[in-house]
Amino acid sequence: MARVVVDVMLKPDILDPQGEAVKGALPNLGVEGVERVRIGKRIELDFAEGVDAASVEEQARKVADALLANPVIEDFTIASVEADAPAGAS
Amino acid sequence: MASNSAEPRVRIGIVTFPGSLDDRDAARAVARAGAVPVRLWHDEGALRGVQAVWLPGGFSYGDYLRSGAIARFSHVMDSVADAARGGMPVIGVCNGFQVLCESGLLPGALTQNAHMRYRNRPAPLRVESTNTAWTSAYRQGAQIVIPAKHKDGRFQADASTLEMLEDQNRVVLRYLDNPNGSVHDIAGITNAEGNVVGMMPHPEHAIDQLTGPSTDGRGILASVLSHVHSGATA
């Protein structure tokens, strides 16, 4: 199994209300000094055995570019990672 | 017999996606305007001989990924996009606006309201452009009130896109009391040809004084009926 991780983040100049809300809550935790909070999404794509590496990369990029991120407001990065742990495990 | 009674009534298609909420209200508004509402299903490409298309509000495909992101890939949107590029009037209201932006039929994107809250209230608007298939019945600069109800209504576009929209008079509606943080107070825009319009407020909820804050939404349908009757569309 080949796992590709897609990270989607709002572009730096787009206001992130979620991040701002979290930042606003930090003093309640006694945390000071955080200047900026940005919240994004991590998407894991697990490809079946036997799909060749080049195709995995190409298809993951296609999915990220066409569907997972909206290029008007978001950037994405993709990376291949080891997928020996079940999805969601830490 | 008046000549207009001999003309076939205008057929306006209303798309239902899984999660659409305002398709029935849109159909009712179309019928009240004297046109025939034609229900279109997201999973079929058939446009059933309609002369205009309405993409209603709601949460297409649950909006689980991003508002309008999945709807863009539905079968019906392939047909709607082709028809729109051929000149057919298409309006997207609320989630429909988000679908039009995700489809690339309109520029920009709708993002989470700056204050993070769902907002529903009558929105005072100024009609900035009457040079579209959907707003020709209004007076230029008219102030109207149409309900807005959304959490992802903050219009965003980069500086060059905003400049282009302003320079080409493609901002159609502007908030007088910006409810979501949209850049340039933008509530609605159009494409270069003026046949595709997207707007966040809901004209289908402003056709009856008994249940809405105004009847200002009727102008949207009056505009498109006039547009179709004039033979301006294919």
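Letters A, B, ... are given to chains in the order of the sequence lines, protein chains preceding strands, and every chain is numbered from 1. All values below were derived from every heavy atom in this structure, side-chain atoms included, with hydrogens, water molecules and symmetry-related copies excluded. Source: prediction; values computed, not measured.
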[atom1] of [X]: more than 12 outside heavy atoms within 6.0 angstrom?
X	atom1	value
Arg117(B)	CZ	no
His75(B)	NE2	no
Glu58(A)	CD	no
Asn131(B)	CG	no
Arg24(B)	CZ	no
Lys11(A)	NZ	yes

Using non-hydrogen atoms only, which part of [X] is less than 4.5 Å away from chain B: side chain, backbone, both, or neither?
X	value
Gln18(A)	both
Leu68(A)	both
Ile73(A)	side chain

Taking the side chain as everything from C-beta on, heavy atoms only, tell me whether [X] gets closer than 4.5 Å to [Y].
X	Y	result
Arg154(B)	Leu15(A)	yes
Val72(A)	Gln156(B)	no
Leu65(B)	Lys41(A)	yes

| Distance in Å, Leu10(A) CG paired with Thr111(B) OG1, rounded so as to fall on 0.5 Å steps |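 Here the rounded value is 7.5 Å.
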Quick one: CG on Leu67(A) to CZ on Arg66(B), what's the gap to the nearest 0.5 Å?
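Going from CG on Leu67(A) over to CZ on Arg66(B), the span is 6.5 Å.
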Next on the checklist: Can you give me the closest heavy-atom contact between Pro17(A) and Ala114(B), atom names plus distance?
Outcome noted: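 In terms of heavy atoms, the two residues are closest at CB-O, 3.7 Å.
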